[in-house]
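I have placed the structure first, in the form of structure tokens, so that the comments after it can refer back to it.
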Amino acid sequence: MDKDQEDEIVCLESFFLNDNYQLTTFTFGSQVLELFCLHSASTDFDLTGQLVWPGAVILNEYLSKNAEMLRGLSVIELGSGVGVTGVLCGRFCNKVVMTDHNDEVLKILKKNIDLHSSFEDLPCSDLVAEKLEWGNSEQINAIMQRYPEGFDLVLGADICFQQSSIPLLFNTVKKLLQIRGEGKCKFILAYVSRAKMMDEMVINEALGHGLLTKEVPGTRSVVGNLGVIYEISL
Ligand SMILES: C[S@@+](CC[C@H](N)C(=O)[O-])C[C@H]1O[C@@H](n2cnc3c(N)ncnc32)[C@H](O)[C@@H]1O
């Protein structure tokens with residue numbers, strides 16, 4: 001590709017990028033929070049993280065109902081998007097590391113972290129964003145070096161929608177679960193069913209990685225599609 005063609009593509013990317021974020025109020029049980037997000041998707045498939053997804057609504061309602069279980073914990077979230085789940089956790093947890101692979105999404109995630117760190121008196125001593133692409137060993141190793149004590153919980157909301165990324169997601173999840181070891185860390189996944197093939201793939205990949213998957217009773221709900229919370233552990 002010559003220089004002129006490259007310039008043309010860069011120009012088109014910025015033309016299509018919608019970063020007209022709106023400060024939006026969300027209510028999850030007793031928790032009300034405001035953050036910047038889009039209300040409709042950008043044209044780029046990889047910018048799914050600019051919106052708040054139904055899986056985040058299910059997970060945040062569940063966490064808000066069970067907020068006591070979060071108190072003092074250390075949590076890492078995968079595919080955080082604008083940070084609606086991680087920011088909620090910041091009200092109860094001691095440490096929250098929100099991650100995403102998309103640089104544009106990381107920008108709005110950091111803006112939402114700044115918004116909450118400056119206006120709320122959070123108990124959380126560490127509310128941070130880190131770049132993490134599932135399956136990227138350099139990035140996961142850097143996170144594991146920065147947080148050698150590991151995490152109590154790994155969280156994910158609506159992050160299973162692209163088949164090719166599911167094995168990589170479970171590689172990353174397994175590495176994070178292994179830092180603490182069996183019985184000391186679990187992956188809470190808010191899963192929204194949109195295709196039968198993906199439903200089976202998620203369960204099979206967890207199994208293939210030697211992980212145990214349990215549906216959390218009472219968490220099935222209809223958010224356009226059927227959503228559910230899984231607890232996945234070593
Ligand atoms: C559908 S959005 C969900 C965002 C947020 N959790 C929510 O429920 O509102 C999926 C998120 O996962 C991120 N993501 C997708 N593929 C990824 C990958 N391979 N590694 C890391 N993050 C990824 C996207 O950038 C996006 O923020």
Side-chain angles (χ1 to χ4, degrees), residues 17-19 21-22 24-28 31 33-64 75-90 96-113 116 129-143 153-176 187-195 198 201-202 205 219 221 223-230:
L17 177 70
N18 180 1
D19 58 2
Y21 298 108
Q22 290 164 44
T24 308
T25 304
F26 294 90
T27 304
F28 306 108
Q31 298 295 314
L33 66 86
E34 279 196 321
L35 41 72
F36 290 101
C37 61
L38 291 188
H39 291 181
S40 61
S42 269
T43 45
D44 188 334
F45 179 66
D46 196 37
L47 287 169
T48 54
Q50 293 180 310
L51 304 177
V52 169
W53 284 71
V57 174
I58 297 179
L59 186 53
N60 281 23
E61 277 173 0
Y62 172 72
L63 294 174
S64 161
V75 163
I76 185 163
E77 189 190 5
L78 306 178
S80 294
V82 293
V84 72
T85 297
V87 165
L88 176 70
C89 290
V96 180
V97 178
M98 287 173 255
T99 69
D100 210 281
H101 73 148
N102 184 289
D103 290 326
E104 215 41 60
V105 171
L106 282 164
K107 278 191 214 161
I108 187 62
L109 175 59
K110 285 178 184 157
K111 188 169 168 179
N112 280 326
I113 291 175
H116 284 268
E130 301 272 5
K131 181 162 178 146
L132 177 60
E133 165 121 42
W134 312 325
N136 181 317
S137 35
E138 209 175 293
Q139 290 172 3
I140 188 72
N141 288 343
I143 288 183
L153 292 179
V154 181
L155 299 178
D158 230 327
I159 52 174
C160 301
F161 56 96
Q162 195 178 21
Q163 285 183 38
S164 59
S165 69
I166 303 302
L168 302 171
L169 169 66
F170 279 98
N171 286 348
T172 299
V173 166
K174 187 162 184 182
K175 283 193 175 157
L176 290 167
F187 174 37
I188 300 186
L189 173 68
Y191 178 74
V192 178
S193 170
R194 299 187 180 96
M198 182 60 83
M201 190 170 188
V202 167
E205 275 301 326
T219 61
S221 57
V223 279
N225 299 79
L226 180 67
V228 68
I229 293 189
Y230 290 128

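Order of listing sets the numbers, starting from 1, for every ligand and every atom in it. Just so it is clear, the structure is predicted and the values come from calculations on it, not from any experiment.
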Please identify each residue that fulfils side-chain hydrogen bond (donor to acceptor under 3.5 Å, both in side chains) with Asp100, with sequence neighbours left out. none
Going by the closest heavy atom to atom 21 (C) of ligand 1, which one wins out of Thr172, Leu168, Leu132? Leu132
Does the residue Leu51 have a heavy-atom contact with ligand 1, meaning some pair of atoms that are separated by less than 4.0 Å? yes
Check each atom of ligand 1 against the heavy atoms of Ala157 and keep those under 4.0 Å away; list them by number with element. 3 (C), 5 (C), 6 (N), 7 (C), 8 (O)
Nearest-contact summary for atom 24 (C) of ligand 1 - protein heavy atom, Å: Asp100 OD1, 3.6 Å
Heavy-atom contact under 4.0 Å between Val52 and ligand 1? yes
Using atom types as modelled and distance alone, determine if a side-chain donor or acceptor of Gln139 lies under 3.5 Å from a backbone N or O of Glu133. yes
Tell me: protein heavy atom nearest atom 19 (N) of ligand 1, and distance? Trp134 CE3, 3.4 Å
Is the number of heavy atoms from other residues, nucleotides or ligands under 6.0 Å of Glu138 CD greater than 12? no
Please name the pair of heavy atoms, one in Met201 and one in Pro167, separated by the smallest distance, quoted to 0.1 Å. CE-CD, 4.1 Å
Residue Asp158 vicinity, atoms of ligand 1 by number, heavy atom under 4.0 Å: 1 (C), 2 (S), 3 (C), 8 (O), 10 (C)
After noting the C-alpha distance and the side-chain angles of Thr85 and Ser80, does the key distance pass the side chain to side chain contact (heavy atoms under 4.5 Å, CB included) rule? CA-CA 7 Å; Thr85 297; Ser80 294; over 6 Å; no
Close N or O approach (Gly55, ligand 1; < 3.5 Å): no
Could you list the atoms of ligand 1 found under 4.0 angstrom from a heavy atom of Glu133? 19 (N), 20 (N), 21 (C)
Write out the residue and atom name of the closest protein heavy atom to atom 9 (O) of ligand 1, then the distance separating them to 0.1 Å. Trp53 N, 2.9 Å
Please determine which of Val154, Leu155, Thr219, Val75 meets the side chain to side chain contact (heavy atoms under 4.5 Å, CB included) test together with Ile188. Leu155
Out of all atoms in ligand 1, which are within 4.0 Å of some heavy atom of Ala56? Include the element for each. 7 (C), 8 (O), 9 (O)
Which residue supplies the protein heavy atom nearest to atom 23 (C) of ligand 1, what is that atom called, and how far is it? His101 CD2, 3.2 Å
Kindly assign one of parallel, tilted or perpendicular to the pair His101 and Trp134, based on the angle between their ring planes and the thresholds 30° and 60°. parallel
Specify the protein heavy atom at minimum distance from atom 2 (S) of ligand 1: its residue, its atom name, and the distance to 0.1 Å. Thr48 OG1, 3.5 Å
Which of these, Asp158, Val192, Val84, sits in a side chain to side chain contact (heavy atoms under 4.5 Å, CB included) with Trp53? Asp158
Nearest 0.5 Å, what's the CG-NE2 distance between Leu51 and His39? 9.0 Å
CG/Leu33 to OG1/Thr25 distance, rounded to the nearest 0.5 angstrom? 8.5 Å
Relative to ligand 1, is Ser80 under 4.0 angstrom through side chain, backbone, both or neither, heavy atoms considered? backbone
In the protein, which heavy atom is nearest to atom 11 (C) of ligand 1, and how far is it? Gly79 O, 3.6 Å
Enumerate the atoms of ligand 1 whose separation from the nearest heavy atom of Gly49 is less than 4.0 angstrom. 26 (C), 27 (O)
